Visitor: 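I am attaching a structure below and will ask some questions about it afterwards.
Throughout, protein chains are lettered first and strands after them, A, B, ... in sequence-line order, and every chain is numbered starting at 1. Computed from a prediction, not measured in an experiment: that's the story for all the values here.
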Amino acid sequence: MTGSRLSRLGAPDIDESSVSGAPDAPARAHRRPDAPGPGTGPVRRRRWTEDKVMPFVLVAPAVLIVVLLRLVPLVMGANFSLTGDGDANGAFIGLDNYRELFGDEVFRTALKNVGLLLLALPVAVAVPGLLATFLFMKVPGHRLYRSVYFFPVVLSPVIIGAIFNVVLSFDGPANQLIGALGLGPVDWLGDSSVAMFTVIGVHIWATFGMALVIFMAGFATVDQSLLDAARSDGANLRQTVWHVIIPELSQTIQFVFVTTMIGMLTGMFGLLYIMTAGGPGGATYLPELYIWVQQGQMNRPALASAASMVLFALMIIVGFAQLRLIRRATKES
Amino acid sequence: MPAASPDGPRTRRLSPRLTAAIGVSLFVSLTACSAASDDGTSGGAGGGSTDKLVVWDWKSGDPTAKAYIDAARADFAAKHPDVEVEFVAQPFDNYYTLLGTAIEAESGPDVVLFNGGAQLRDRVDALAPLDDLLGDNQERLTGWEAFQADGATYAVPITLQGMPFYYNKAVYEEAGLDPETPPATYAELEAACTAIVETGKDCFSLGNKEGIGIEFHLSAYGPGVMSTEQYDAWLAGERDWASPEVKQIFQMWVDQSEAGWFNDGANSTAKFMDEYTKFQGGESGNVIGLISDVAHWKSFDEFLGDDLGVFKPPVVTDQGSSVLPVEGGIGYAVTEWTADPELAYDLVDSLSSTEALTAFYAEAGAIASDTSIDTSDSGIDTVGDIVSWLPESKPLLHSALSADTLELMHRLSQQLLEGSTTVDDALQQLAAADK
């Protein structure tokens, strides 16, 4: 409507380049001294107004960071994983890297160990959950325990690994202790059937404090009136935990499950590196250690990229599956 | 929030100031990104400059290497006073990971330190061949084989690395053995070990947590088992993993473990330095050590003093011989992306000058690649023995293997000690991997 009016009036002195991308007449209108003032139709239809641009400007830093530092490397990594190493550097080789990965016994062991981690996950969540429940119920000395449980979290994995290397060495205190109990020594880190469990155990010990804090924060949100109601209905402890606390903590439990799993899959490198270096016989490899070895020691960055993509896919699948399962398990039907 | 009024600030035309701010920040971030993906002419940690050279190593931060680095710096400054030299000491554990990243980006250091053998040979594509520049150094220095690939030389050796058997004379005496006559044959070594094990000590300290123990085993016993022809063929790439000699070397690894020669928990004991700490602490009679860097005559001498002895690999079979396995230990290479390879080589030349290497030998206890260095005044007997064995030494067997094969061998060695695989199976896997 306005456009037709303007074209009838004619506007020969308007610089069209200043409104490039907006060749329609309303955009030109603002330049005319006799154009309608703000608040009328043509102004609202302007393409580049501050209220339209500002939202983009404000989200741009976040979007740029996600795109440049996350998505672009991800796509580049996926692309890189389809290229060769060494003489074939940069050449497209299709899925050969993936074929090699799944043919590699060490990588298969690493994936099996991921399965082992998933099996250990309920323990890694139950330990802080149980301890947080005790703290919530204010067992004697709960203030002291609260700090003691959190203490290992502030230590770096390297220090924890070094400490447990000494504690668990063949002639170390752990074996002396079980020797005093009349049991034979165990090569905690040198026996391939034991070493992975040892490292997982140490990892749980080292990290459960953080989950404990999250649980305690969750407990703070439990509705006291529900607990009182349960008590006056004569619910015992087991019933209170099962029918009140767990459903109330459903969100917290989901969160702890997912963060603990991510921590196990991506945060055990330091411990593994210090405690077993993947040995003995490759029994304690995890995908991230495998990635590091292939990239750094074997000079196979493209193969390492392929392993990274497998780890990435694994985390997505396991993460989503977990969310669904736990949501179902922790909500009362 | 109240709804924006049509003539309020939210419908204002985009102000020039805001447009400029957005434009500038976009420009800055885009140029920053493009600089990061540049081909090394800008940004990054040096490289490609003619007035500055960047050296990557894992030695220059070591206090014992200070005199060496200072001497090399002074020598280079005399030749090129206008060129700045920066030494970047990387942590050794991550050295090749970091270097891999630099190689992938084709930017970073101009001069890089390398271990001889597999680590260098896997990365020669990123290095400049130095043959035309070597000149007199070729005669003065030894240990070149470890830094050559396909007939070209890619690094200049700084130290020699070898694997002699060190022994503790006090432990030998305690076991009723003659401390001045170390074993010369494998039969004598077996007898000595039986006697030492009976005293309740370990015959050998062994740390195989990383699987490196087998490298030492292979290279140290290899000369005593293989004939000269087999040895040379192995180094030349014609390796017969099914031969009785190779099988014997790996069988010895298993037999020694079963006979109780090693400390308990070898698979969970770190070679560096738990294995050597045990030996220095008098817990064992012998250890297969090194001649440079760490675990060598100088570091053992601090703990054992006159009780420290050294012997060459024992003769195991009739065709075997007792020669010390030695080759170039570490050496400096020039990256292929450096702006002026000759300038970078001049720095390598300074780093391998007699004066600098003498300082390295004296302070760090490294057996330098420079044969003209006088070692007679060290006051430590073992170094005299080691230096006297150098002329007839042979390169190390394990460094002829690729990084892949070595990694597999590490894992198999742990499985062999555990008993979860057999020698035959291990050798089959190694034969398949070593192609």
Visitor: Check for me whether the distance between the ring centres of B/Phe147 and B/Phe114 falls short of 6.0 Å.
Guide: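 Here the rings of B/Phe114 and B/Phe147 have centres that are no less than 6.0 Å from each other.
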
Visitor: Which atoms of A/Asp191 come close to chain B, meaning under 4.5 Å heavy atom to heavy atom: side chain ones, backbone ones, both, or neither?
Guide: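 Its backbone and side chain both get close to chain B.
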
Visitor: Just to verify, which of A/Asn113, A/Asp104, A/Thr109 counts as forming a side chain to side chain donor-acceptor pair (under 3.5 Å) with A/Tyr290?
Guide: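 Looking at A/Asn113, A/Asp104, A/Thr109, the match for A/Tyr290 under the side chain to side chain donor-acceptor pair (under 3.5 Å) is A/Asp104.
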
Visitor: Side chain, backbone, both or neither: which part of A/Asn299 has a heavy atom under 4.5 Å from chain B?
Guide: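 Both backbone and side chain.
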
Visitor: With only heavy atoms counted, which part of A/Ile274 is less than 4.5 Å from chain B, the side chain, the backbone, both or neither?
Guide: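 Contact with chain B involves the backbone of A/Ile274 alone.
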
Visitor: In terms of heavy-atom pairs under 4.5 Å, which option from A/Val293, A/Leu168, A/Asp171, A/Val106 contacts chain B the most?
Guide: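 The answer is A/Val106.
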
Visitor: What residue in B/Asp125, B/Leu412, B/Thr97 has the most heavy-atom pairs under 4.5 Å with chain A?
Guide: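 Sorted descending by pairs with chain A, the first entry is B/Thr97.
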
Visitor: Test A/Trp188 against A/Phe164 for ring pair (Phe, Tyr, Trp, His ring centres under 6.0 Å), laying out the working first.
Guide: CA-CA 10 Å; A/Trp188 298 103; A/Phe164 276 93; over 10 Å; no

Visitor: If we define contacts as heavy-atom pairs under 4.5 Å, which of A/Ala195, A/Gly296, A/Gly282 has the most with chain B?
Guide: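 Highest number of pairs under 4.5 Å: A/Gly296.
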
Visitor: If you tally heavy-atom pairs under 4.5 Å against chain A, which of B/Gln119, B/Lys209, B/His410, B/Glu407 wins?
Guide: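 Top option by heavy-atom pairs under 4.5 Å: B/Lys209.
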
Visitor: Counting neighbours of CE on A/Met76 that are heavy atoms of other residues, nucleotides or ligands and sit closer than 6.0 Å, is the number greater than 12?
Guide: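 Result for CE/A/Met76: open.
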
Visitor: Flag the pair A/Trp292 / A/Tyr273 as yes when their ring centroid distance falls below 6.0 Å, and as no otherwise.
Guide: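 Ring centres of A/Tyr273 and A/Trp292 closer than 6.0 Å.
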
Visitor: Are A/Glu100 and A/Arg300 ion-paired here, with the side-chain N under 4.0 Å from a carboxylate O?
Guide: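 Result for this pair is yes, salt bridge flagged.
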
Visitor: Check whether A/Tyr285 gets within reach of chain B through its side chain, its backbone, both or neither, counting any heavy atom under 4.5 Å.
Guide: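 For A/Tyr285, side-chain heavy atoms alone lie under 4.5 Å from chain B.
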
Visitor: Counting heavy-atom pairs under 4.5 Å to chain A, which of B/Ser268, B/Ser402, B/Ser413 comes out on top?
Guide: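 When all of B/Ser268, B/Ser402, B/Ser413 are compared, B/Ser268 has the most.
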
Visitor: Compute whether any side-chain donor of one residue and acceptor of the other, for B/Asp202 and B/Trp261, lie under 3.5 angstrom apart.
Guide: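 On atom types as modelled, these side chains do not qualify, holding no pair under 3.5 Å.
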
Visitor: Less than 4.5 Å to any heavy atom of chain B: does that hold for the side chain of A/Pro280, its backbone, both, or neither?
Guide: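 When you check distances to chain B, atoms from both the backbone and side chain of A/Pro280 fall under 4.5 Å.
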
Visitor: Just say parallel, tilted or perpendicular for the rings of B/Trp253 and B/Phe262, cut-offs at 30° and 60°.
Guide: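 Answer is tilted, since the angle falls between 30° and 60°.
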
Visitor: Which bit of A/Ser192 is near chain B, if near means a heavy-atom gap under 4.5 Å: side chain, backbone, both or neither?
Guide: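 For A/Ser192, the contact with chain B is made by backbone and side chain together.
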
